[in-house]
Number of protein chains: 2
Amino acid sequence: MKKPAKSAVRLRIYLGGEVAIGPGRAELLQLIGDTGSIAEAARAMEMSYRRAWALVQSMNALFKSPLVERTAGGAGGGGARLTPAGRAVLEAYADAEREARTASTAPVRRILRRLR
Amino acid sequence: MKKPAKSAVRLRIYLGGEVAIGPGRAELLQLIGDTGSIAEAARAMEMSYRRAWALVQSMNALFKSPLVERTAGGAGGGGARLTPAGRAVLEAYADAEREARTASTAPVRRILRRLR
DNA sequence: GGGCGTTATGTTCGTTCGTGCATAACGAGG
DNA sequence: CCTCGTTATGCACGAACGAACATAACGCCC
């Protein structure tokens, strides 16, 4: 197998004109689920807490039922967890990206071959 | 058939950290092919000629062989055309998006159902 | 009660992105 | 030769974005 150029295909799902979910939001959800904290997830992605918080806000507003549940308080007190809806959306997005990626490998390869 | 919420899935192909081709660049290529002019394509997309020109520049540099061929001069004189490579890449991208879209409909639907 | 780490929110600042405007060279056609 | 519409390029301005900082309230744990 030849050394592959670092390439990737990524999926974004829009509703109206705005992004419903894409790679960034998905990774954030994943990390919130893993770490149990928006702040820690933000640090892991090297993004400001402000922005991570805004993304969560936006997603919670965008979906019928919130994807992330938050409670204030530190040191084991508060934090953030994925709701069942959050887990479902995250999993569905991962599925979608996986299916899309495998289905498009042939044409994508035709493009990659032409890249420098 | 129920009135569908205006939704879309879109594909972006990255090389290294940068976008090789995505919806915007693809549409630009398409319009250049149709109109025979970067300027007119830009107007059709309601984007500045400056930006369209920069995108073409970037794509031509990114691929082994240029996607768009340009010649100066107006009034039927100059203009821009897709090279064979340009047509090939555009077609491959359309294929990729189509395949990706059909393959991911099921999980995507699971997400859309949860959207407000 | 004090400390720690979290959510929540405002404000400021720098950078990035894209547009708009100006200019130049070019090329066909009347 | 002159006009028109294009490619090509610089520059300045504004908008949008995201980071960084500053607080505040909250909740567990020692």
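Residue numbers start from 1 in every chain, and the chains themselves are labelled A, B, ... in the order their sequence lines are given, proteins ahead of strands.
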- Query: For A:A39, which contact category applies under a 4.0 Å heavy-atom criterion: base, sugar-phosphate, or nothing?
  - Reply: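 Contact class for A:A39: sugar-phosphate only.
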- Query: Which is true for B:G78 with a 4.0 Å heavy-atom rule: it touches a base, it touches only sugar-phosphate, or it touches nothing?
  - Reply: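 Result for B:G78 = nothing.
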- Message: Check this one for me: any side-chain N or O of A:R50 less than 4.0 Å away from OP1 or OP2 of D:dA19?
- Response: no
- Looking only at side-chain N and O atoms, does A:R51 come under 4.0 Å of OP1 or OP2 in C:dT9? no
Between [options], spot the one nearest the side chain of [X], thanks.
X     : options               : result
B:Y49 : C:dT7, D:dT7, C:dT19  : D:dT7
A:S48 : D:dA19, D:dT6, C:dA28 : D:dA19
B:A75 : C:dT7, D:dC4, D:dT7   : D:dC4
B:W53 : D:dC4, C:dA8, D:dT9   : D:dT9

- Return the 5'-most residue of the pair A:M47, B:A80 with respect to DNA chain D, ranking by each residue's nearest nucleotide.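 Mapping each residue to its closest nucleotide by heavy atoms, the 5'-most match is B:A80.
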- Message: Can you measure A:R43 atom CZ to C:dT7 atom C1' for me and round it to whole angstrom units?
- Response: 13 Å
- Starting at atom CD of A:E46, determine the distance to atom C1' of D:dG18, rounded to an integer number of angstrom. 14 Å
- Query: Do other residues, nucleotides or ligands put more than 12 heavy atoms under 6.0 Å from A:R10 CZ?
  - Reply: no
- Message: Less than 4.5 Å apart, side chain to side chain, heavy atoms only: is that true for A:T83 and A:V68?
- Response: no
- Decide whether A:S58 and A:R25 meet the rule of one side-chain donor and one side-chain acceptor closer than 3.5 Å.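 A:S58 vs A:R25: donor-acceptor pair found between side chains.
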- May I ask you to check whether A:E18 and A:Y14 show a side-chain donor-acceptor distance below 3.5 Å? no
